[in-house]
Amino acid sequence: MINIFRCYSKCFWTMLLGIFAYENSDAQQTDERPNIVWLVTEDNSKRFLRLYEEGGAVMPTVEELAQNGIVFNNAFSNAPVCSVARSTIISGSYAPRTGAHQHRKMKQVPLPNGLEMFPTYLREAGYYTTNNSKEDYNFDKNAQVWDESSRSASYKNRELGQPFFHVQNFAGTHEGQLHFSEVNLAKLENQSSVNDVPLFPYHPDTPVFRFTNAYYRELHEKVDKQMGQFVDDLKTAGLLDNTIVFYFGDHGGVLPRSKGYVYESGLQVPMVVYIPEKWKGLFPMDMGSRTDAFVEFIDLGPTVLNIAGLEVPEEMDGKPFLGEMISLSDLEHRNTTFGYADRFDEKYDLVRSFRQGNYKYIRNYQPFNIDGLFNFYRYKMLAYQEWYSLFKAGQLNDIQAHFFNSREPEALYDLEKDPHEVNNLAANPKYKSVLIDLRTKLQQKVAGMPDLGFYPESFFLENGLENPVQFGQEHRTEISELIRIADLSLTSYRKAEKHLLTALESTNPWDRYWGLISCSTFGNKALNFEQRVREIVENDPENLVRIRAVEFLVLNKRPISTRIILNILKKANSESEANLMLNTIALLKTVNSDFQISIPTDMFHSEWTKKEGDYINRRIEFINKT
């Protein structure tokens, strides 16, 4: 009888403890591995936070995390726009190497052989992986990445005792929040204060810019409250003491001359990592510290894997900056970052940057392709519209007007003295050794990947999409040659002239393509090639080479028949090829007021233009109105 009673008593307490454990399951998990949470805000440079700069937004949640963690003074997105930045993060790899470098994607690309999106490895190791909710990857996604990825995705749905990796995205600071109309502006101005808001030196001092700047800081404060609610939920559930929390922006932005551009305003992001006392042994610094160590988005995935005790795949370019085996000395020696900007919607460009310490090098491979070239989404912002209007009216100073003028092929900035990158030192003989050093390191970087951005997008999509990394390796020598031709514009014309002729006479269309771009960079110095360029316009078998020849002639204000140009456009073989050619026409109409052309709306394949707002429609509308 006594034994029966003891049995029932034991069963009762076991059942009661089970119920208690179930009801408090958020707090009941293994102590062997930490939970990891990412709080990700959109489109915000570190310059908008009081944590980094005077006059920045007051963000108590982020600041409290910083008091119990590490503030990274030099955290960088490798790309200044969403899909490319997020593709870099999820793969731990440079986007120009993997073919994920264009925004937005025309087609998705496969991941490198042997590599999965990094949450896959966490999931395989027993983590519950959740994303709420933005993905925006340029890669094909396998089904094993996330247990949940949606607006309702939550770590709370995991099994009892299961560690989790959760990404919570906050869209309140996204660029679209600044797409208010003049009517909206009048209403919002009554609710906001613009007193003493700091302005950037390249922006005009106008009520529109002052308000936009102030309002954007207010959006940060609203998002901080949302993040505070999320963190409070972790505390209430008893999870914060076992959860490492990363806060960062998904790239810089979003006032004009930030998002989409490799200036620091587009690449440098806020980053704070909160460290529970229990896990401080994984970190080489004391809680409440700041570090000047450089960390990049390619490093985020490897860092999470390292914190979780997992191996980092060799196929990743990034290296862990926290976790086991990472020393303070290792962190302190990290002082370089690499950036890239290619297509942003319908606006094409090819810009690369390399920063080492306080010196920043920017290589504009098509310097005549102005920063301020019209982009439909970008110019929905009143500040962009006003800035361009003031430029056309001649009401900007040289620093403010630079955004709408041709750029230098290369730029060098001392960010300690010039944090806003307005004083180009590339031509200053005092900085020649620094210039050559950083130029060489960037050249080695793009050739070493190798960088697929040196092929036109349409050619890559047709020939390299099946296996981009392998395609790049197989064409490594050719890409190096294209980079060499592109860099002819960095030397004197006298030294470059015979090499340009060789490129223009080459049987390789992409040699001719880059030879023409270098000629356009030299401007009227290269007009001795005019006859050869006209032959290319008339007879070259490659449409994109012909349109680059047109570009050279019109930039130098040489006459050319619009009939010939329309005939080239009409022969476009793909939507991406048509887009790139229309980018040239949009540029020419913007910078050469004498150039007149109208594009028939029915010129291109109906499949490319059937949706209102498609890139081709947007470009044609802009060209025909300009």
- Item | Lys NZ or Arg CZ of Arg363 over Tyr365 ring: under 6.0 Å, within 45° | yes
Smallest separation among heavy atoms of [X] and [Y], with atom names:
X      : Y      : value
Glu175 : Arg378 : OE2-CA, 3.8 Å
Pro110 : Glu466 : CG-O, 3.3 Å
Ser45  : Pro270 : C-CD, 3.8 Å
Lys347 : Ile370 : CE-O, 3.9 Å
Tyr94  : Asp317 : N-OD2, 2.8 Å
Ala572 : Ala578 : CB-CB, 3.8 Å

Under 6.0 Å between the ring centres of [X] and [Y]?
X      : Y      : answer
Phe248 : Phe72  : no
Tyr493 : Phe522 : yes
Phe76  : Phe338 : no
Phe454 : Trp510 : no

- Item | Asp540 and its salt bridge (Lys or Arg N to Asp or Glu O under 4.0 Å) partner, picked from Arg512, Lys571, Arg546 | Arg512
- With Glu421 as partner, the option from Lys360, Arg257, Arg355 fulfilling salt bridge (Lys or Arg N to Asp or Glu O under 4.0 Å) is Lys360
- Is it true that Glu497 and Arg494 have a side-chain N and a carboxylate O under 4.0 angstrom from each other? no
- Item | Stepwise side chain to side chain contact (heavy atoms under 4.5 Å, CB included) check, Asp147 with Phe164 | CA-CA 10 Å; Asp147 286 286; Phe164 61 87; over 6 Å; no
- Query: Going through the distances and angles, do Ser329 and Ser327 end up as a side-chain hydrogen bond (donor to acceptor under 3.5 Å, both in side chains)?
  - Reply: CA-CA 5 Å; Ser329 175; Ser327 67; 4.7 Å; no
- Test side-chain hydrogen bond (donor to acceptor under 3.5 Å, both in side chains) applied to Tyr137 and Lys105, step by step: CA-CA 9 Å; Tyr137 312 136; Lys105 56 185 175 289; over 6 Å; no
- Message: Is there a side-chain hydrogen bond (donor to acceptor under 3.5 Å, both in side chains) between Arg439 and Gln444? Walk through the geometry before answering.
- Response: CA-CA 9 Å; Arg439 176 202 292 166; Gln444 292 171 343; over 6 Å; no
- What's the verdict on side chain to side chain contact (heavy atoms under 4.5 Å, CB included) for Leu490 and Leu488, showing C-alpha distance, side-chain angles and the deciding distance? CA-CA 5 Å; Leu490 302 182; Leu488 290 173; over 6 Å; no
- Message: With a 6.0 Å cut-off (strictly less than), is the heavy-atom count around CD of Glu462, excluding the residue itself, greater than 12?
- Response: no
- Task: For Val109 and Asp140, run side chain to side chain contact (heavy atoms under 4.5 Å, CB included): C-alpha distance rounded to whole Å, both residues' side-chain angles, the deciding distance at 0.1 Å, then the answer.
- Result: CA-CA 6 Å; Val109 299; Asp140 293 319; over 6 Å; no
To the nearest 0.5 Å, tell me how far [X] [atom1] sits from [Y] [atom2].
X      : Y      : atom1 : atom2 : result
Arg548 : Ile568 : CZ    : CD1   : 12.5 Å
Tyr348 : Glu346 : OH    : CD    : 10.0 Å
Leu587 : Gln366 : CG    : CD    : 9.5 Å
Asn369 : Glu551 : CG    : CD    : 7.5 Å
Leu331 : Phe283 : CG    : CZ    : 10.5 Å

- Criterion side chain to side chain contact (heavy atoms under 4.5 Å, CB included) on Val295 and Asn74, from CA distance to verdict: CA-CA 7 Å; Val295 297; Asn74 293 303; over 6 Å; no
- Give a yes or no answer on whether the side chain of Asp136 reaches the backbone of Arg86 with a donor-acceptor pair at less than 3.5 Å. no
- Please test Arg619 against Asn583 for side-chain hydrogen bond (donor to acceptor under 3.5 Å, both in side chains), starting from the C-alpha separation and ending with a verdict. CA-CA 7 Å; Arg619 270 294 181 234; Asn583 188 85; 3.3 Å; yes
Distance-only check: which donor-acceptor pairs under 3.5 Å involve side-chain atoms of residues 114-122, not counting sequence neighbours?
{"from": "Glu116", "atom 1": "OE1", "to": "Asn142", "atom 2": "ND2", "distance (Å)": "2.3"}
{"from": "Thr120", "atom 1": "OG1", "to": "Met117", "atom 2": "O", "distance (Å)": "2.9"}
{"from": "Tyr121", "atom 1": "OH", "to": "Glu116", "atom 2": "N", "distance (Å)": "2.8"}

- Query: When you look at Phe471 and Tyr455, which way does the ring pair (Phe, Tyr, Trp, His ring centres under 6.0 Å) test go after all the steps?
  - Reply: CA-CA 11 Å; Phe471 178 78; Tyr455 286 122; 5.7 Å; yes
- Task: Mind checking salt bridge (Lys or Arg N to Asp or Glu O under 4.0 Å) for Asp451 and listing every partner two or more places apart, or none if nothing turns up?
- Result: Arg352
